[in-house]
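Within every chain, numbering begins at 1; the chains are lettered A, B, ... in the order of the sequence lines, protein sequences first and strands thereafter.
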Amino acid sequence: MTDWLGPEEWRAVALSLRVSFWATLASLPFGIFIAYALARWSFPGKQILNGLVHLPLILPPVVTGYLLLLLLGTRGPIGGILADWGIVFAFRWTGAAVAAAVMAFPLMVRAIRLSIEAVDPKLEQASATLGASPGWVFLTVTLPMALPGIVAGTILAFAKAMGEFGATITFVSNIPGQTRTIPSAIYAFLQVPGGEGSAMKLVIVSIVVAMGALFLSEVIGRRVAARVGGA
Amino acid sequence: MTDWLGPEEWRAVALSLRVSFWATLASLPFGIFIAYALARWSFPGKQILNGLVHLPLILPPVVTGYLLLLLLGTRGPIGGILADWGIVFAFRWTGAAVAAAVMAFPLMVRAIRLSIEAVDPKLEQASATLGASPGWVFLTVTLPMALPGIVAGTILAFAKAMGEFGATITFVSNIPGQTRTIPSAIYAFLQVPGGEGSAMKLVIVSIVVAMGALFLSEVIGRRVAARVGGA
Amino acid sequence: EEVVVFAAASMANALAEIEGSFEAATGHDLVVSLAGSSALARQIQQGAPADIFISASTDWTDRIEGDGLIEDGSRFDLLGNSIVLIAFGDADPTEIGPGFDLARLLGDGRLAMAMVDSVPAGVYGKAALESLGIWDAVEPQVAQADNVRAALAFVATGEAPYGIVYATDAAAEDSVSIVGTFPADTHPVVVYPVVDLANRDTPAEAEFLDYLRGPEARAAFERQGFTVLVD
Amino acid sequence: MLDVSLRHDFGGFSLDAHFRAPAGVTVLFGRSGSGKTTIVNAVAGLLMPDAGRIAANDWVLLDTDAGIRLRPHRRRLGYIFQEGRLFPHLTVRQNLAYGAWFAPKDAAREDMGKVVELLGIGHLLDRRPGALSGGEKSRVAIGRALLSAPRLILADEPLAALDEARKAEILPYFERLRDEVSVPILYVSHSASEVARLATTVVALDAGRVVAQGPAAEILGDPAVLPTGAREAGAVLTARVARHHDDGLSELDAGGIPLFLPRLAQVPGSTLRIRIAAHDVILSRTRPEGLSALNILPGTIRDIRPGEGPGAIVALDTDAGRVLARITRRSATALGLEAGARVYAIIKTVSVAASDIGSGSTG
Amino acid sequence: MLDVSLRHDFGGFSLDAHFRAPAGVTVLFGRSGSGKTTIVNAVAGLLMPDAGRIAANDWVLLDTDAGIRLRPHRRRLGYIFQEGRLFPHLTVRQNLAYGAWFAPKDAAREDMGKVVELLGIGHLLDRRPGALSGGEKSRVAIGRALLSAPRLILADEPLAALDEARKAEILPYFERLRDEVSVPILYVSHSASEVARLATTVVALDAGRVVAQGPAAEILGDPAVLPTGAREAGAVLTARVARHHDDGLSELDAGGIPLFLPRLAQVPGSTLRIRIAAHDVILSRTRPEGLSALNILPGTIRDIRPGEGPGAIVALDTDAGRVLARITRRSATALGLEAGARVYAIIKTVSVAASDIGSGSTG
Ligand SMILES: Nc1ncnc2c1ncn2[C@@H]1O[C@H](COP(=O)(O)OP(=O)(O)OP(=O)(O)O)[C@@H](O)[C@H]1O
Ligand SMILES: Nc1ncnc2c1ncn2[C@@H]1O[C@H](COP(=O)(O)OP(=O)(O)OP(=O)(O)O)[C@@H](O)[C@H]1O
Ligand SMILES: [Mg+2]
Ligand SMILES: [Mg+2]
């Protein structure tokens, strides 16, 4: 540790950023889709879908991680099939991203759903009368009008992904460079005498990163709101 | 364990309900206040407040729990003062509620904030011209119009409180009847080989409880939306 | 070549030292994943790509062994530890033996321990108290943490006046003092078993297992306060 | 051809409306809450009526019996909403261009520049709707609908928020759509002069029922069916522009009778519709002399219908067509008016407002 | 007394308006986008102008120089918004009652039942705004403002979405507020007849500037300052109800000259304002005989102002007051009209619409 942070720690920071970024990005389309479905459609099993989405919030993260391990592990029912196609999550950074995405998903969906619900259906109707098919109505009216919530949901998910620990370490362990994210590294430091100092440094790094993201989202949100401001 | 769940487990369930209920209820006014401030005011330090609110999301729960212990412990700077007034959180169910509330707070604030932002300021203006002071504007227009988000935020917070583990156990440990919530009990089961079965029972209980809350919130949300539906 | 070691989180410091010297000495790449023994064991059950497993307790190793996941005859006990009673601040060292009146010492304070039914340090501590005949007296006052370090934190912050932790943890914390060490015959021996996992076999694994028995490793372990059980 | 037959129940309000209107502008006329917007919404596909059938020129938009329910975006409508409904996140320009994105590439299309100029919104193109005045929003909403290359225009009180001068500028545009582009238009209005100018057919509604329907001249001439009362009664004459005079007057030929009106834009030879409000017509037994009124139409009284209050509507046949006069019963008695009597209808040139003159049509 | 002086810049639009109006109804008149709503918003406190002063009866609402900026809820206004702005989460009844919650308990208060009946919204009380038609929303918005016991009423085109019949029902109510309750009213309108009936003072706006202000009679009589053009010119006469006749006519006395109008509600002896639109007046050199028009006012031409196009506005002094006639220049020449000439103004009884008759006032 010649530097303020050692190379091990920098690796954890870089990994956390990568994991959170991809977790957020990859789950965004699903998040928007499910939020829209929950906000605007009614279909059988809607309550079950809603419950499933919220499950990671309700369960202790260890349980979520354990379930992920059982399902997506190389010997799991889904993980096994995926493994045949060459997609492996277990003990890879991609698995960490999956864990983070699953844990952050309820937050993302809620925020987006609230924003979609706030879009006046009368504007969507107006769009339809002008010839926009449901898909275009969504793309040109619903989506841009719900943008503040989408930004909020994305940043919330990113922050949650940055802080995710329990499910990640249970699902993909704590392997440096692969699955040792900032929270896992902090955990390791806190498990031994004298590790608090190093842990604190990582805490500060994650605060800085997350605050940056948060600040960015506020700026974007304000700009979006100013554009939409007042009908 | 003569019954499906032993008395220990039932205690954990009852405690989790109590902790989550109070955590949610007690933080609701603060959540609404801060969501409103973030949505509608601009003041110096707004970004810092916003960051602080999100902190529990970003930090590993263990760190949050540890910080709570440092701050609110009987010898902590805040906890010390509170202790003089007879308010003690350490190793009490109230402390578990505090931990759950802190962890759930960002979710609650985000949801409420989004809903408040979606309230048309023109309606608030109309209310003001009719003689309503800012407080009344808030109570009679902003609050009822933001109700869907408040319900969503409350239920989200409740679900999170039901699932909260890391911060709770770090802050107030795991004392049967006092601080052993469902997640703590599940964690304990999962630490020993063969404990999965007992853990699963508790997982099912918490899923049932949270789904019930979720379902309730959907019903309320739909009713509220139907009332407000279309301006 | 790469050697993947799954190790109990409490070994972080020692393994960090060993990692450096081992890599320098052999040119192999040592990858250490640190987590709770239960999480690691479950991951191994689900096919984690680990070569070596160092657990903080025998029962998870037994479970892995029972599942046939270890190289026959590779298991050996590497480290030992002792458990101690610690107090917040300065305390008079006492001999802990039959008739030790811990309850009086505690008054209405809490006794911080790791989870007494699931986390090894807690299990050992509970066994010791039972064999001393004082468990029933202090049980209502036990505050269980999810790991030893969290238990230590309760005492270090003064939240709990007393706690039971490993000697290795107690030594490194300035704000606590050791009241006494539990006699070794009051509880099962504290051992850290090492096993070679039966997934793949490389020369590097053997080299590492040898290295663990070697003098450099011994020195590192002893610096952290462990008793090295191999010769 | 617009064929509408609808039944819908709101609980508290039930609609049961059936009408069939020839090509051109069909005006829905009726008091607030009579169901006009409900009908328009059903035509647009935004409201699914309990039962009904809607067809425009044999193109079936809805037929609940046959299970046809065209989705709104397949109906190719230009709907000018009563409340504007501009897209707040788009600029005025983007709002205007919105419909064109979805129109078939070969659809007959209005020129953006022309519409913008007509509506006087050129300086607003880069603003968002939040920064527009009430009337500006209405105008952008009109533009948005017109520019979407619609096959059917639905206009729900499009001009209500506009001043007279602006109305007078925009009305001719709807006439052009009717006459040149021949887009069918379903138009909601409270204003008799808008109705008279635009309407090919008037459908008068009351409490969700069609109480009268027919050509504009017929409905507007019958105070009994006019939901807004006798005040709006009037005749609609068809005339040909004869020549323009230097003093700012245009001379028209209505069945051989010269009519003088304030200078018109139409070229000589073109045909016009002119609404003569019944309350603007004075009757005289003798040809009056020394009057400032320029238009004097001799005619024969066809019938005298007592109107509301102290008034009566006198219908007289002139060479220019049927003319209505609303006079007091006292005058009718004093002048000894009765069916068959010869009288002169006196109409001031300036009484015929620009908004009452529409370019020719099938009406 | 309403004293308004405002400067505000929107970037693209700048407002620089100053006017001082006596008690009664001050009507803001002007084309779309001329700044009417902006002024009303500033009076309501919803827009903080760059600089300005607003006072009603010495009660200072805003004075940027003195640093006085009363918050909107302290201004006790009844603001009828151009876009309604009903509370969607409250029923119609709750919307109506909303303002009363906050009014001082001793404030003069309109009766809910009466207002509800006047506006014809009794059957809507338990609905929410989402289930109302456009005109129903407007009416509820009017009711909400009236029932808040305001010290100042701001009405931004309150009647635009309503049909003529409904307008005719609601207008007298504003008159009553003006005359009996004497609440100052700032009223935005495009309609000359509304202006003529209600306005104590007219403030004509163009592009954010006040181009004319004065008593209604004066402004409406001057087509040059009327933003909406000569079509709206007209005179306002004051007359006293003499008696009601059995045939549905009311006889008025305007400076000794009898005027016959359709039956009025006012009791004999009460004073009225009557707007006589200039385009409804016919001039004759000789006293006409055998005409259906009942009102003939002899007078002397004061001046002849050329109007727009082929018209001219002839102002003549009669015993009833100043009367305006809009005739063609051709007629003026043909009749040899010139200042000082004696002529007869002919006004049809039914030409004077109910909406042009207002109950007496200071105007
Ligand atoms: N927030 C804003 N930003 C920029 N320009 C604005 C804003 N609000 C209004 N304007 C402009 O100010 C001018 C005056 O607007 P205002 O709403 O006062 O008009 P108005 O006289 O009420 O018109 P209308 O009769 O159409 O309602 C308009 O040209 C409008 O575009
Ligand atoms: N969603 C609804 N639920 C219940 N009643 C409704 C609903 N929408 C409209 N109505 C009622 O249906 C009737 C007709 O409404 P509609 O909007 O068609 O009237 P309109 O003729 O357009 O009136 P306006 O001229 O005031 O706009 C009204 O009485 C209205 O209150
Ligand atoms: Mg309508
Ligand atoms: Mg306006």
Side-chain angles (χ1 to χ4, degrees), chain A residues 28 32 35-37 39-43 111-155 217-231, chain D residues 37 40-48 61 70-91 94-105 107 126-132 137 140-141 143-156:
Chain A
L28 190 56
I32 293 175
Y36 187 81
R40 286 287 153 87
W41 297 339
S42 60
F43 49 92
I112 298 176
R113 177 178 170 180
L114 275 173
S115 273
I116 289 178
E117 282 172 340
V119 174
D120 188 352
K122 293 192 171 180
L123 292 177
E124 296 175 330
Q125 288 181 347
S127 165
T129 65
L130 288 162
S133 62
W136 281 110
V137 171
F138 178 74
L139 280 179
T140 59
V141 176
T142 321
L143 202 62
M145 301 262 320
L147 212 52
I150 295 175
V151 170
T154 307
I155 242 55
S217 84
E218 291 289 319
V219 172
I220 297 173
R222 219 173 313 139
R223 198 165 300 175
V224 170
R227 282 178 45 179
V228 178
Chain D
T37 300
V40 175
N41 278 338
V43 174
L46 301 181
L47 176 100
M48 265 309 150
L61 300 174
L70 228 55
R71 312 271 294 281
H73 69 281
R74 301 218 181 279
R75 299 190 182 196
R76 300 261 326 275
L77 306 159
Y79 188 167
I80 303 162
F81 291 92
Q82 195 170 7
E83 347 82 82
R85 300 202 193 178
L86 298 180
F87 300 124
H89 59 297
L90 301 180
T91 61
Q94 290 165 332
N95 265 283
L96 291 173
Y98 191 89
W101 296 351
F102 304 108
K105 292 296 151 270
D126 294 318
R127 291 216 204 135
R128 289 181 200 281
L132 298 183
K137 278 182 202 155
V140 175
R144 185 178 67 174
L146 297 182
L147 288 169
S148 66
R151 281 165 65 168
L152 176 61
I153 290 177
L154 307 174
D156 198 352

Shorter than 4.5 Å, heavy atoms on both sides: which option in D:Leu46, D:Leu132, D:Leu77 has the most such pairs with chain A?
D:Leu46
Below 3.5 Å, can you tabulate the donor-acceptor pairs from side chains in residues 133-150 of chain A to any protein atom, sequence neighbours excluded?
unit_1   : atom_1 : unit_2   : atom_2 : d
A:Thr140 : OG1    : A:Trp136 : O      : 2.7
A:Thr140 : OG1    : D:Tyr98  : OH     : 2.4
A:Thr142 : OG1    : A:Glu124 : OE2    : 2.7

CD on D:Glu83 to CG on D:Leu86, rounded to 0.5 Å:
10.5 Å
Considering only heavy atoms, which portion of D:Arg71 lies under 4.5 Å from any heavy atom of chain A: side chain, backbone, both, or neither?
side chain
Gap separating the CZ atom of D:Arg144 from the CG atom of D:Leu96, nearest 0.5 angstrom:
9.0 Å
If you round to the nearest 0.5 Å, how far is OG1 of A:Thr129 from CG of D:Leu154?
8.0 Å
Report which part of D:Arg85 has an atom under 4.5 Å of a heavy atom belonging to chain A: side chain, backbone, both, or neither.
both
